[in-house]
Amino acid sequence: MKDEKTLADVRLEIDEVDDALKNAFLARMELVEQVKAIKARIGGAVYNPDRENEMIRRLTADVEPRFQESYIRFLKEILAISKDYQKQI
């Protein structure tokens, strides 16, 4: 009989993914601070719709259709948080 994962096993895997997401988020926000500093120096706008749309196209090109809508929402939320943070600092 095939070994089946338990709920606890899957939750441990989710915890690992959540830890990786947290680390990636924090690394991204550090980079957002650098972007803000560069934009302040060169006079760039916080929001660049062309860049944002290209990022979404690039990052969703290979996402399975069943996850695509949710992933786009996830990306847009991250981008909104990043823009808000740039405006705060």
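Heads up: numbering here begins at 1 and tracks the sequence. Nothing here was measured: the structure is a model prediction, and the numbers come from that model.
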Check: residues 76-84 side-chain donor-acceptor pairs under 3.5 Å, at least two apart:
unit_1, atom_1, unit_2, atom_2, d
S82, OG, R28, NH1, 2.6
S82, OG, I78, O, 3.0
K83, NZ, E52, OE1, 3.0

- Item | Nearest atoms (heavy-atom pairs only) where Y85 meets V32 | CD2-CG1, 3.9 Å
- Query: So, does Q68 use its side chain to make a donor-acceptor pair with the main chain of T60 at under 3.5 Å?
  - Reply: yes
- Is L75 reachable from F67 through a run of hydrophobic residues whose side-chain heavy atoms are each under 4.5 Å from the next? yes
- Backbone N or O of T6 within a donor-acceptor pair of the D9 side chain at under 3.5 Å? yes
- Query: What residue pairs, at least two apart or across chains, pass salt bridge (Lys or Arg N to Asp or Glu O under 4.0 Å) with a residue in residues 29-42?
  - Reply: none
- Look at the side-chain heavy atoms of Ile, Leu, Val, Met, Phe, Trp and Tyr, link any pair under 4.5 Å apart, and say whether I89 and L26 land in one connected group. yes
- Query: Rounded to the nearest 0.5 Å, how far apart are CZ of R51 and CG of N53?
  - Reply: 11.5 Å
- Message: Are V63 and V17 linked, directly or through intermediate hydrophobic residues, by side-chain heavy-atom contacts shorter than 4.5 Å (ILVMFWY only)?
- Response: yes
- Message: Do L31 and Q34 have side chains that approach each other closer than 4.5 Å (heavy atoms only, starting at C-beta)?
- Response: yes
- Could you walk me through whether E54 and R57 pass the salt bridge (charged side-chain N to carboxylate O under 4.0 Å, His left out) check? CA-CA 5 Å; E54 177 52 34; R57 275 193 298 278; 3.3 Å; yes
- Identify whether L59 and F74 are in the same connected component of the hydrophobic contact network (ILVMFWY, side-chain heavy atoms under 4.5 Å). yes
